[in-house]
Amino acid sequence: MIAKEQIPTVLDHPVYDTEGKKVGEARHVFVDDATGRPAWVTVKTGLFGTSESFVPIKDASMVDDHLKVPYPKDRIKDAPRVDVDRGGHLDASEEQRLYAYYGIAWDDAWQRANRPGEGGWAHGTAGAADRTGTEGMAGAEGMAGAESMTDRGTARTGRPAGDDAMTRSEEQMHVGTERVETGHVRLRKYVVTEEVQETVPVRHEEVRVEREPITDANREQALSGPEITEAEHEVTLHEERPVIETRAVPVERVSLRTDEVTEEETVTGQVRKERIDVEADDIAGMPRDRDEGRGE
């Protein structure tokens with residue numbers, strides 16, 4: 001359980017869920033008006049920390065430099081968005097809605113908070129305190145509230161005396177980018193067989209019969225053998241044939257590289273804006289139904 005004295009060490013520190021995942025940063029701590037015990041912590045979540053989620057702080061603990069809460073990240077981020085009045089107090093119905101979301105019995109929480117000597121939180125209006133840990137004021141009809149730790153000094157219940165101003169707020173859209181996987185590209189080498197034709201000259205031997213008459217030049221050679229006899233003479237023929245031989249030789253190197261291309265993409269979102277209208281009776285010099293803050 002977080003003690004009141006630990007509130008300054010909680011604010012602006014990381015908040016981790018029950019699985020050890022970072023949820024966001026602690027923005028406000030709401031303390032019980034009657035007991036002064038911390039009851040809720042708001043956590044800045046979202047891509048740019050533009051949302052705040054309420055988380056019960058009763059069973060939370062400081063671990064090293066961060067706050068650990070006994071709830072999963074998705075449950076915290078999906079917590080109901082509740083309104084806090086200008087005095088920094090949480091409405092009783094809103095607080096009851098948060099109790100229901102986190103599975104905390106409303107009556108049990110009230111009884112634990114009001115039993116002497118026992119820890120816990122009360123239910124009812126919840127409000128805000130400054131970073132010095134100032135206790136909040138008790139809520140109406142004995143219902144205990146809480147004050148959050150903010151940067152604006154001590155927040156009080158109700159509207160400050162003499163303050164007739166009304167604050168107009170609006171949402172602003174912040175757009176960022178995230179890097180995600182879109183696919184995979186790989187090189188795969190495989191073997192195919194192709195037919196290749198090539199023309200090559202080949203030679204072969206042919207037999208040609210030559211006849212020559214008997215002359216004085218060859219007469220002696222012609223009469224060297226028997227006059228009448230049988231004889232046989234053989235000639236061996238040759239030819240060339242194509243021979244195929246293959247050799248593996250490197251021809252190129254192939255690799256993959258990524259090029260970063262920047263494109264412009266238009267995104268559309270919705271933001272809410274508060275408008276302030278001035279309404280008055282028919283009084284001389286008093287504007288009527290004038291719309292303030294329309295500067296769009």
Side-chain angles (χ1 to χ4, degrees), residues 1-4 6-7 10-11 14-46 49-62 67-129 135-150 155 157-158 169 171 272:
M1 181 176 180
I2 300 299
K4 180 179 177 182
Q6 293 178 282
I7 291 178
V10 172
L11 296 175
V15 178
Y16 285 73
D17 70 355
T18 185
E19 299 175 353
K21 299 178 182 178
K22 183 178 178 180
V23 181
E25 304 288 332
R27 184 67 183 89
H28 301 92
V29 171
F30 280 68
V31 299
D32 184 273
D33 284 341
T35 65
R37 299 191 187 99
W40 301 91
V41 61
T42 63
V43 184
K44 291 169 60 177
T45 61
T50 55
S51 300
E52 289 188 39
S53 298
F54 276 78
V55 187
I57 201 174
K58 173 181 176 294
D59 296 320
S61 59
M62 286 298 296
L67 179 70
K68 184 175 182 180
V69 295
Y71 300 97
K73 181 177 181 178
D74 290 342
R75 186 171 181 83
I76 296 172
K77 294 179 68 174
D78 294 337
R81 295 294 181 265
V82 299
D83 294 327
V84 177
D85 65 22
R86 292 189 57 202
H89 277 74
L90 187 65
D91 183 79
S93 61
E94 299 282 32
E95 190 175 17
Q96 186 173 7
R97 188 155 64 103
L98 286 171
Y99 276 123
Y101 176 78
Y102 284 102
I104 301 171
W106 175 258
D107 292 336
D108 291 346
W110 186 87
Q111 291 176 8
R112 285 197 303 270
N114 288 277
R115 288 173 185 167
E118 294 191 18
W121 51 71
H123 66 289
T125 56
E135 291 188 20
M137 299 171 61
E141 299 178 358
M143 302 175 74
E147 296 202 358
S148 74
M149 306 292 289
T150 69
T157 57
S169 302
E171 295 178 338
R272 298 178 301 168

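Please read these numbers as outputs of a predicted model, since none were measured by experiment.
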Subject >> Minimal non-hydrogen separation, L11 against R27, with atom names >> reply: CD2-O, 3.6 Å
**OP:** Check for a donor-acceptor pair, side chain of K68 on one end and backbone N or O of G20 on the other, with a separation under 3.5 Å.
**Re:** no
Original post:
Nearest 0.5 Å, what's the CD-CG distance between E19 and D74?
Top reply: 8.5 Å
Original post:
Which distance, rounded to the nearest 0.5 Å, do you find between the OG of S53 and the OH of Y71?
Top reply: 13.5 Å
Original post:
Where does the angle between the aromatic ring planes of Y102 and W40 fall among parallel (under 30°), tilted (30 to 60°) and perpendicular (over 60°)?
Top reply: tilted
Original post:
Where do V69 and A60 come nearest, in terms of heavy atoms and distance?
Top reply: CG1-CB, 3.8 Å
**OP:** Name all residues meeting the side chain to side chain donor-acceptor pair (under 3.5 Å) criterion together with T42; count only those two or more places apart in sequence or in a different chain, and write none if there are none.
**Re:** H28, E52
Subject >> N/O donor-acceptor pair under 3.5 Å between R97 side chain and R81 backbone >> reply: yes
**OP:** Evaluate the side-chain proximity of V41 to L67: yes if any heavy-atom separation is below 4.5 Å, no if none is.
**Re:** yes
**OP:** Write down the atom of I104, the atom of P56, and the distance for their closest heavy-atom approach.
**Re:** CD1-CG, 3.9 Å
Subject >> Check: F54 ring centre within less than 6.0 Å of F30 ring centre >> reply: yes
Original post:
Is there a donor-acceptor pair under 3.5 Å between the side chain of E171 and the backbone N or O of R272?
Top reply: yes
**OP:** Grab the two heavy atoms, one from M62 and one from V10, that are nearest each other, plus how far apart they are.
**Re:** SD-CG2, 3.8 Å
Original post:
If you measure from CD1 on I7 to CD1 on I57, what distance do you get to the nearest 0.5 Å?
Top reply: 7.0 Å
